[in-house]
Amino acid sequence: MKRAFATGCAAAAMAAVMTVTAAGCAQETRSAGHGGDGGSPGPSAGGARPEPLTWQQELRVSDALQRLTGRCMKRHGFAYGEDRTLSLRESMPVRYVQDDVAWARTYGYGGRIDAGLEQRRLHNPTAAYRQGLSPARRAAFDTALDGDGGDVQVLTARLPGGSREVRKRLGGCTAEAEKALYGDPGAWFRASKAAGGLNALYADDLLHDRQLTAAVAAWSRCMKKAGLSYADPQAARDAIRANTALLGPSGSGKAFAAERTTAVADATCARATSLRAVATARETHYVDRLPKRYGKALDTFRRLQRQAYDRAVHIVPQRA
């Protein structure tokens with residue numbers, strides 16, 4: 001699982017990265033809905049909505065997918081390395097509300113971690129291994145990983161709030177790994193895409209929610225007292241990213257010092273203003289008001305996530 005460092009400058013993007021509860025910020029995960037709005041709002045008929053996975057649990061599912069894919073590729077005679085470069089602590093995603101002061105004091109916003117991951121992406125060992133194979137073996141590698149012809153299944157999902165449909169080709173070891181964790185890859189794809197698009201249905205309401213805007217304003221006043229003038233957490237991170245790019249490699253030490261200072265103040269003010277609690281409560285409020293079929297989609301997503309996690313714990317250990 002990639003670390004989730006929230007990006008975006010527009011108001012809509014800020015609302016989209018506000019997610020601190022509902023569908024999370026990881027992988028290709030979210031749930032289905034077809035046609036226009038209908039039914040009554042609120043949690044599923046069973047009562048309480050299933051709890052989402054924590055980011056630690058999401059990471060373990062991602063690691064299990066890698067492990068299962070690697071085992072399958074080995075059976076086909078190929079190497080397929082797992083990427084567990086980061087420790088559990090380093091893997092923490094930085095979302096709209098980041099209130100872990102100790103983490104910020106050590107890693108800032110995770111800029112150096114992300115830079116290291118980008119270097120690994122550019123010099124990916126599995127990609128280098130594949131490139132070193134003969135043309136025939138390379139084709140066999142691709143077929144083993146993603147399938148070919150009749151082995152490939154085309155999955156489709158309709159995104160919430162419209163008629164847009166997305167597709168995904170799935171086969172080979174990738175399909176085998178997903179099937180082992182989720183049972184039905186098609187159901188998982190539909191659930192993941194639907195749940196992932198739900199925040200677009202309430203993003204504008206959340207963005208202009210009085211309680212949330214008041215909490216963000218309080219956060220901004222707190223930051224100003226610390227000598228930092230930012231309208232919201234995303235503005236602070238955008239400014240840090242721009243400063244790091246401006247200073248370049250030669251000024252990386254100075255850039256990281258500024259990043260860490262700002263991140264610590266950000267986390268401290270988030271705690272002081274209870275920004276996470278307010279954001280979580282207000283997002284839950286809007287999620288629970290969605291039409292009933294969307295609530296069912298979210299419940300399906302979380303149920304399949306939980307099933308995958310329960311299986312993942314028997315496949316791969318949690319990162320240290």
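Note that the structure is a prediction, hence the values are computed from the model and not measured.
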Students often mix this up, so state it plainly: with edges at 30° and 60°, are the rings of Y129 and F78 parallel, tilted or perpendicular?
perpendicular

Do Y80 and Q66 pass the side-chain hydrogen bond (donor to acceptor under 3.5 Å, both in side chains) test, and can you show the C-alpha distance, the side-chain angles, and the key distance before you say yes or no?
CA-CA 9 Å; Y80 188 87; Q66 289 190 81; over 6 Å; no

Hits for salt bridge (charged side-chain N to carboxylate O under 4.0 Å, His left out) against R210, two or more places apart or cross-chain, chain-then-number order -> none

Residues in salt bridge (charged side-chain N to carboxylate O under 4.0 Å, His left out) with E51, at least two apart?
none

How far does CD of Q153 sit from CG of L170, to the nearest 0.5 angstrom?
6.5 Å

Is the backbone N or O of R89 less than 3.5 Å from a side-chain atom of Q56, with the two atoms forming a donor-acceptor pair by type?
no

When you look at D100 and R276, which way does the salt bridge (Lys or Arg N to Asp or Glu O under 4.0 Å) test go after all the steps?
CA-CA 11 Å; D100 188 328; R276 178 182 298 279; over 6 Å; no

Of the non-hydrogen atoms in A258 and N243, which two are nearest, and what is the gap between them?
CB-ND2, 3.9 Å

Using a 4.5 Å cut-off on heavy atoms from C-beta on, say whether the side chain of D114 contacts that of Y109.
no

Could you measure the distance from the CG atom of D299 to the OH atom of Y294? Nearest 0.5 Å is fine.
15.0 Å

Considering only heavy atoms from C-beta outward, does the side chain of Y107 approach that of M92 to under 4.5 Å?
no

Given 3.5 Å as the limit, does a donor-acceptor pair link the side chain of T106 with the main chain of A102, or not?
yes

Does some side-chain heavy atom of I315 sit less than 4.5 Å from a side-chain heavy atom of L181?
yes

For R282, which of T213, D205, D209 qualifies under side-chain hydrogen bond (donor to acceptor under 3.5 Å, both in side chains)?
D209

Contact summary for A180 and L68, nearest pair of heavy atoms
CB-CD1, 3.8 Å

Hey, could you give me the CZ/CZ distance between R169 and R167, rounded to the nearest 0.5 Å?
11.0 Å

Quick one: does any side-chain atom of T300 pair with a main-chain N or O of K296 as donor and acceptor, under 3.5 Å?
yes

Working for salt bridge (Lys or Arg N to Asp or Glu O under 4.0 Å), residues D238 and R241:
CA-CA 5 Å; D238 289 344; R241 189 180 296 106; 3.0 Å; yes

Hey, does the side chain of T174 reach the backbone of D146 with a donor-acceptor pair shorter than 3.5 angstrom?
no

Quick one: does D99's side chain have a donor or acceptor within less than 3.5 Å of a partner on R271's backbone?
no

For E118, the side-chain hydrogen bond (donor to acceptor under 3.5 Å, both in side chains) test, sequence neighbours excluded, returns R121

Are V264 and L275 linked, directly or through intermediate hydrophobic residues, by side-chain heavy-atom contacts shorter than 4.5 Å (ILVMFWY only)?
no

Answer yes if F189 and L145 sit in the same cluster of Ile, Leu, Val, Met, Phe, Trp and Tyr residues linked by side chain heavy atoms under 4.5 Å apart, and no otherwise.
no

Other residues, nucleotides and ligands only: do more than 12 of their heavy atoms fall within 6.0 Å of CZ on R138?
yes

G147 versus V152, closest heavy-atom pair with distance:
C-CG2, 3.5 Å

Sub-4.5 Å side-chain heavy-atom contact between L159 and V166:
yes

Does any non-hydrogen side-chain atom of R71 lie less than 4.5 Å from one of R67?
yes

Is there a side-chain contact between C269 and L228 in this structure, where contact means two heavy atoms from C-beta onward sitting under 4.5 Å apart?
no

With side chains defined as the heavy atoms from C-beta onward, is the minimum distance between Y182 and V61 less than 4.5 Å?
yes

Check whether any side-chain N or O of E176 sits under 3.5 Å from a backbone N or O of C72 as a donor-acceptor pair, and report yes or no.
no

Dump the intermediate steps for side-chain contact (heavy atoms from CB on, under 4.5 Å) on Q307 and R311, then the final yes or no.
CA-CA 6 Å; Q307 172 184 288; R311 293 172 176 176; 3.4 Å; yes

Please determine whether side-chain contact (heavy atoms from CB on, under 4.5 Å) holds for the pair V278 and T273, giving the CA-CA distance in whole Å, both sets of side-chain angles, and the decisive distance to 0.1 Å.
CA-CA 9 Å; V278 174; T273 58; over 6 Å; no

Might you point out which heavy atoms bring A265 and A226 nearest each other, and give the distance in Å?
CB-CB, 4.3 Å

Say you draw a straight line from CG of L290 to CG of L298; how long is it, rounded to the nearest 0.5 Å?
8.5 Å

Of all the heavy-atom pairs spanning T69 and A177, show the shortest one and how long it is.
OG1-CB, 3.4 Å

Check against side-chain hydrogen bond (donor to acceptor under 3.5 Å, both in side chains), D266 and Y230:
CA-CA 10 Å; D266 181 346; Y230 298 111; over 6 Å; no

Looking at CZ of F256 and CD1 of I240, how far apart are the two atoms once the value is rounded to the nearest 0.5 Å?
10.5 Å

Show the nearest heavy-atom pair for residues G161 and L201, with the distance to one decimal.
CA-CD2, 3.7 Å

Taking side chain as C-beta onward, heavy atoms only, is R130 less than 4.5 Å from D142?
yes

With E165, the salt bridge (Lys or Arg N to Asp or Glu O under 4.0 Å) member among R158, R190, K193
R158

Let me confirm one number: the CZ-OG distance from R319 to S62, rounded to the nearest 0.5 Å.
7.0 Å

side-chain contact (heavy atoms from CB on, under 4.5 Å), that's the test. Do Y309 and E58 meet it? Break it down for me.
CA-CA 7 Å; Y309 175 72; E58 288 183 337; over 6 Å; no

Could you go through Y96 and V216, starting from their C-alpha distance and side-chain angles, then the distance that decides it, and tell me whether this counts as side-chain contact (heavy atoms from CB on, under 4.5 Å)?
CA-CA 11 Å; Y96 185 77; V216 171; 4.0 Å; yes

Is the shortest distance from a Lys or Arg side-chain nitrogen in D63 or R60 to a carboxylate oxygen in the other one below 4.0 Å?
no

Tell me if a side-chain donor or acceptor on E283 pairs with a main-chain N or O of L206 at a distance below 3.5 Å.
no

Do any N or O atoms from the side chain of S252 and from the backbone of P249 form a donor-acceptor pair under 3.5 angstrom?
yes

